[in-house]
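Here is the structure we will look at.
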Amino acid sequence: MRPIIRIDVELLRNVIPTGCSSLDGLLGGGIPIEKISLVYGEAETGKSTFAIQCAVNCARIGYKTMYIDSDDTFSTRRLSQIAHHDSEKVSPSIILVKPATFQEQALAIDHLDEYMTKRVGLVVVDTITSLYRVEIGGRRETFSLNRELNRQVACLAQAAITHKMAVLITSQVRSAFADGTVSLEPVATRVLKFWSDPVLDFKQTDQARVMKAHLEEPSKRKQAAACYLAVEKSGISNYDR
Ligand SMILES: Nc1ncnc2c1ncn2[C@@H]1O[C@H](COP(=O)(O)OP(=O)(O)OP(=O)(O)O)[C@@H](O)[C@H]1O
Ligand SMILES: [Mg+2]
């Protein structure tokens with residue numbers, strides 16, 4: 001008689017596929033569990049589309065997503081366009097939280113554990129720095145806000161490990177000046193990059209609706225450093241140039 005081989009699906013779940021093969025290739029299969037993935041880029045480069053697409057694919061492998069919509073831009077219409085024929089199946093798998101202030105975002109992150117009994121495979125915070133930016137004012141305030149942002153991201157990093165789930169955070173960019181050159185860095189770069197791996201940046205190309213996704217420090221993984229993406233009604237897909 002043949003031995004019965006039990007495959008533990010939990011052990012296989014070490015990434016959440018993004019639904020875009022070139023991005024999955026860049027990331028080594030998808031966004032990793034037990035880690036924070038950071039996606040940053042200018043407005044309309046596809047960060048929220050990417051986050052929704054990851055939530056859809058998380059639902060397709062049987063896990064829920066807690067989606068902290070700090071930008072208040074999550075739309076069920078966009079979700080159904082991306083989930084397409086799975087949209088009725090996918091919608092109940094998304095727990096939507098809409099903080100209106102940076103303090104409410106902190107509460108949502110501090111109370112993550114209360115949701116974690118419900119097979120959550122992914123936590124999204126889109127955009128993690130938008131409510132923080134609303135509060136930025138004087139120098140002293142900036143120091144305490146940075147400390148609070150650091151605390152929130154540290155909580156997310158801990159929750160990713162404790163609950164064996166993936167965390168995806170998005171950030172806008174700001175111009176950084178160094179050695180006479182200007183580059184775009186995520187807002188609160190040091191805090192976000194300290195806790196995140198992988199870090200992806202999305203850039204608009206000279207073609208409409210085509211972005212270049214660039215993986216920072218690809219040498220850590222020995223994978224390709226960049227790929228091109230088409231951002232369309234149905235979500236993000238490969239773009240061959
Ligand atoms: N329903 C849709 N059909 C077609 N394209 C869409 C649709 N919704 C959004 N897009 C396009 O997808 C692109 C990316 O939008 P998305 O909201 O994902 O960007 P983003 O990086 O999150 O922007 P922001 O920084 O403003 O939050 C935009 O060019 C937008 O016009
Ligand atoms: Mg967005």
Side-chain angles (χ1 to χ4, degrees), residues 16-20 22-24 26-27 30-31 36-59 65-87 90-91 94 96-100 102 105 108 122-134 136 149 156 167-176 183-189 192-193 196 198-216 226-239 241:
I16 308 288
T18 67
C20 169
S22 55
L23 268 177
D24 284 347
L26 208 61
L27 294 165
I31 55 166
I36 296 183
S37 303
L38 166 67
V39 177
Y40 72 94
E42 288 184 277
E44 307 228 318
T45 46
K47 304 180 297 293
S48 299
T49 303
F50 176 70
I52 294 172
Q53 192 157 315
C54 289
V56 166
N57 284 290
C58 186
T65 292
M66 182 177 175
Y67 199 107
I68 304 178
D69 178 25
S70 298
D71 278 353
D72 195 21
T73 55
F74 184 94
S75 99
T76 45
R77 190 169 150 263
R78 190 78 182 115
L79 176 68
S80 7
Q81 285 172 338
I82 295 169
H84 200 45
H85 47 259
D86 286 342
S87 84
V90 161
S91 301
I94 297 178
L96 191 61
V97 182
K98 284 183 170 286
F102 194 46
Q105 178 174 296
L122 172 66
V123 171
V124 170
V125 190
D126 180 34
T127 300
I128 194 154
T129 42
S130 54
L131 296 167
Y132 153 93
R133 282 179 107 179
V134 169
I136 286 269
L149 181 67
L156 289 167
V167 173
L168 172 64
I169 60 176
T170 64
S171 182
Q172 296 129 339
V173 289
R174 62 175 185 84
S175 299
S183 60
L184 292 175
E185 286 285 357
V187 172
T189 308
L192 299 188
K193 286 193 176 176
S196 305
V199 175
L200 275 174
D201 94 82
F202 283 7
K203 275 199 181 76
Q204 173 71 56
T205 64
D206 50 11
Q207 254 175 293
R209 293 183 292 280
V210 177
M211 310 300 153
K212 186 174 184 181
H214 171 252
L215 176 70
E216 293 193 3
C227 65
Y228 289 91
L229 310 169
V231 184
E232 290 159 336
K233 190 177 165 189
S234 55
I236 292 182
S237 55
N238 298 342
Y239 182 84
R241 269 163 85 98

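Every number for a ligand or one of its atoms is a count from 1 in the order of the listing. Computed from heavy atoms alone, side chains included, the values below leave out hydrogens, waters and symmetry copies.
Between the Mg ion (ligand 2) and T73 there is no N/O/S contact shorter than 2.8 Å.
Of all the heavy atoms of V231, the ones lying under 4.0 Å from any atom of ligand 1 belong exclusively to the side chain.
Rounding to the nearest 0.5 Å places CG of L215 at 9.5 Å from CG of D201. With rounding to the nearest 0.5 angstrom, the CD atom of Q81 is 12.0 Å from the CD atom of Q53.
With respect to atom 3 (N) of ligand 1, the closest heavy atom belonging to the protein is K233 CA, 3.6 Å. At the shortest separation from atom 18 (O) of ligand 1 among protein heavy atoms lies T49 OG1, 2.5 Å. Atom 31 (O) of ligand 1 has as its closest protein heavy atom E44 OE1, 3.8 Å. Taking atom 17 (O) of ligand 1 as the reference point, the nearest protein heavy-atom neighbour is S48 CB, 4.0 Å. Nearest to atom 25 (O) of ligand 1 among the protein's heavy atoms is K47 NZ, 2.7 Å. Protein heavy atom in closest approach to atom 1 (N) of ligand 1: Q81 OE1, 2.7 Å.
The closest side-chain heavy-atom distance from T45 to K203 is not below 4.5 Å.
Side-chain polar atoms of Q207 and Y239 form a donor-acceptor pair below 3.5 angstrom. Counting only N and O atoms by type, the side chains of S70 and Q105 include a donor and acceptor under 3.5 Å apart.
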Where do V39 and V199 land on the side-chain contact (heavy atoms from CB on, under 4.5 Å) test, with the steps shown first? CA-CA 6 Å; V39 177; V199 175; over 6 Å; no
Quick one, T65 with V123, criterion side-chain contact (heavy atoms from CB on, under 4.5 Å). Give me CA distance, side-chain angles, the key distance, then yes/no. CA-CA 6 Å; T65 292; V123 171; over 6 Å; no
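Under a 4.0 angstrom heavy-atom cut-off, R78 registers as being in contact with ligand 1. Within the structure, the closest approach of T45 to ligand 1 falls below 4.0 Å when heavy atoms are considered. Heavy-atom separations between G46 and ligand 1 include at least one value shorter than 4.0 Å.
Aromatic pair F202/Y40: ring centres not closer than 6.0 Å.
Distance screen at 4.0 Å: atom 13 (C) of ligand 1 has a protein heavy-atom neighbour inside the cut-off.
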